[in-house]
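Okay, handing you the structure first.
Remember, it's a predicted structure, so these values are computed and weren't measured experimentally. Note that these values count all heavy atoms, side chains included, but never hydrogens, waters or copies made by symmetry. Residues: numbered from 1 along the sequence shown.
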Amino acid sequence: MKRNIVIAAVTAAALIGGGTATALATTGDDDPGTTRQSDVRDRDDDARGAADDRADDDADDRDDSRGHDRDDRDDDRDDARASSAKVTAAEAVAAALKEAPGTAVSAELDEEDGDDDGDDRERAVWEVDVLAGDGTWHSVWIDPGTGKVLGSETDDEDDTDEVRAALKGTSVDAAEAAKAAAGRGTVTSVELDEDGYRGDGEAAWEVETTSPGKSEQDWRVDLKSGKVTADRSHHSDSDDADDSGSDDD
């Protein structure tokens, strides 16, 4: 009788207080027994664990969302740079070769810090890498609005022999590769891949294009035929990839 009264009192207290209660039970009516914790605490622990898991999942979702937002902002910046450029990749290569004669190995529409006149704003610029006949490398910066040479510098590269071997006997240069891929969108970069697709030894020009409302797309241009194909090594998701011959301007 006394045991039932104790349990009822503890249960009533838990209901009134709204908290976690510890029920006591005795082995007899008169002798104190061993104290046991109820399953209420275990249920509370499970609930807290589930809440922590939900918080972790929410944090992961927020990280994924921020990552997608950054990718979208990068695509928007690429589109803005491309749309503001009046000078094409092929024209930038031609201008760079007048400044530093040789073989253009890459051209990229990128951003650089402000000039030395105190303007700290970033600005779009074509950067063209040229391999001269004597083995000297030059980086030449071209204004994408006017085609004017903004400056140049000499670089040290360690892949000169590989580049020369890849280009030996080819007929399509960087400017022609850019023109061939121009039908797929605005070319934002063209670069020699001397190692080939996934290192298979088949060298080619890698060209990146951007189009309004689309993510950046990657293409490969054959060094001899000028044929343009989707670059699967970059997991291009283009469904309209044209495996036909190159586009002629």
_Side-chain heavy atoms of D231 within contact of E206, under 4.5 Å_ =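 Counting from C-beta outward, D231 and E206 do come under 4.5 Å.
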_Results of side-chain hydrogen bond (donor to acceptor under 3.5 Å, both in side chains) for T146 - residues two or more places apart only_ =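 side-chain hydrogen bond (donor to acceptor under 3.5 Å, both in side chains) check on T146 returns nothing, list empty.
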*Does a side-chain heavy-atom distance below 4.5 Å link R220 with D193?*
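Result yes, sub-4.5 Å side-chain heavy-atom pair found.
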*Of the non-hydrogen atoms in A100 and V140, which two are nearest, and what is the gap between them?*
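Residues A100 and V140, closest heavy atoms: CB-CG2, 4.1 Å.
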*asked:* Please give me the minimum heavy-atom distance between A177 and V172, naming the atom from each residue.
replied: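 Shortest heavy-atom contact: N-CG1, 3.8 Å.
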_Side-chain heavy-atom pair L223, L192 within 4.5 angstrom cut-off_ =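 Yes - at least one pair of side-chain heavy atoms lies under 4.5 Å apart.
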_For S139, side-chain contact (heavy atoms from CB on, under 4.5 Å) partners two or more places apart_ =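 Applying side-chain contact (heavy atoms from CB on, under 4.5 Å) to S139 gives E127, D129, W141, E153, D155.
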_Please enumerate all residues that pass side-chain hydrogen bond (donor to acceptor under 3.5 Å, both in side chains) together with D156, with sequence neighbours excluded._
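Expected list: none.
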*So does D143 pair up with R123, basic N to acidic O under 4.0 Å?*
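No.
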*Please report the closest heavy-atom contact between G226 and A180, naming both atoms and the distance.*
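Nearest heavy atoms, G226 then A180: O-CB, 3.9 Å.
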_What's the separation between atom OG in S106 and atom CH2 in W205, rounded to the nearest 0.5 Å?_
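Reported value, rounded in 0.5 Å steps: 8.0 Å.
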_With heavy-atom distances below 4.5 Å as the criterion, would you say the side chains of V187 and W219 are in contact?_
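No, side chains not in contact.
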*Under the side-chain hydrogen bond (donor to acceptor under 3.5 Å, both in side chains) rule, collect the residues that match up with D173, sequence neighbours excluded.*
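None.
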*asked:* Please give me the minimum heavy-atom distance between A181 and V228, naming the atom from each residue.
replied: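 The answer is N-CG2, 4.3 Å.
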*Listed by chain and number, what are the side-chain hydrogen bond (donor to acceptor under 3.5 Å, both in side chains) partners of D159, not counting sequence neighbours?*
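By the side-chain hydrogen bond (donor to acceptor under 3.5 Å, both in side chains) rule, D159 matches no residue at all.
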*Are L167 and T103 side-chain neighbours, meaning at least one heavy-atom pair lies under 4.5 Å?*
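Answer yes - side chains close enough.
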*What's the spacing between E216 CD and E208 CD if we round to 0.5 Å?*
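Here the rounded value is 4.0 Å.
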*Shortest non-hydrogen contact from A166 toward E194*: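 Heavy atoms of A166 and E194 come nearest at CB-CB, 3.7 Å.
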*asked:* Would you say that V130 contacts L97 through its side chain, given a criterion of any heavy-atom pair below 4.5 Å between the two side chains?
replied: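 Sidechains of L97 and V130: in contact.
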*CD/E108 to CD/E191 distance, rounded to the nearest 0.5 angstrom?*
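Taking CD in E108 and CD in E191, the distance rounds to 7.5 Å.
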*Worked verdict on W137 versus V163 for side chain to side chain contact (heavy atoms under 4.5 Å, CB included)*: CA-CA 12 Å; W137 286 86; V163 169; 4.0 Å; yes
_Taking side-chain contact (heavy atoms from CB on, under 4.5 Å) as the definition, give me every residue that meets it alongside A132, ordered by chain and number, with sequence neighbours left out._
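A132 satisfies side-chain contact (heavy atoms from CB on, under 4.5 Å) with D134, T136, H138 once adjacent residues are dropped.
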_Check: T188 and T209 side chains under 4.5 Å, non-hydrogen atoms_ =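 The answer is no, as the side chains (C-beta and beyond) never meet within the 4.5 Å cut-off.
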*Closest approach of A178 to A89 (non-hydrogen atoms, all atoms of both residues)*: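 In this case the closest contact between A178 and A89 is CB-CB, 3.9 Å.
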*Beyond-backbone contact of P144 with L109, side-chain heavy atoms, under 4.5 angstrom*: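 The answer is yes; the side chains approach within 4.5 Å.
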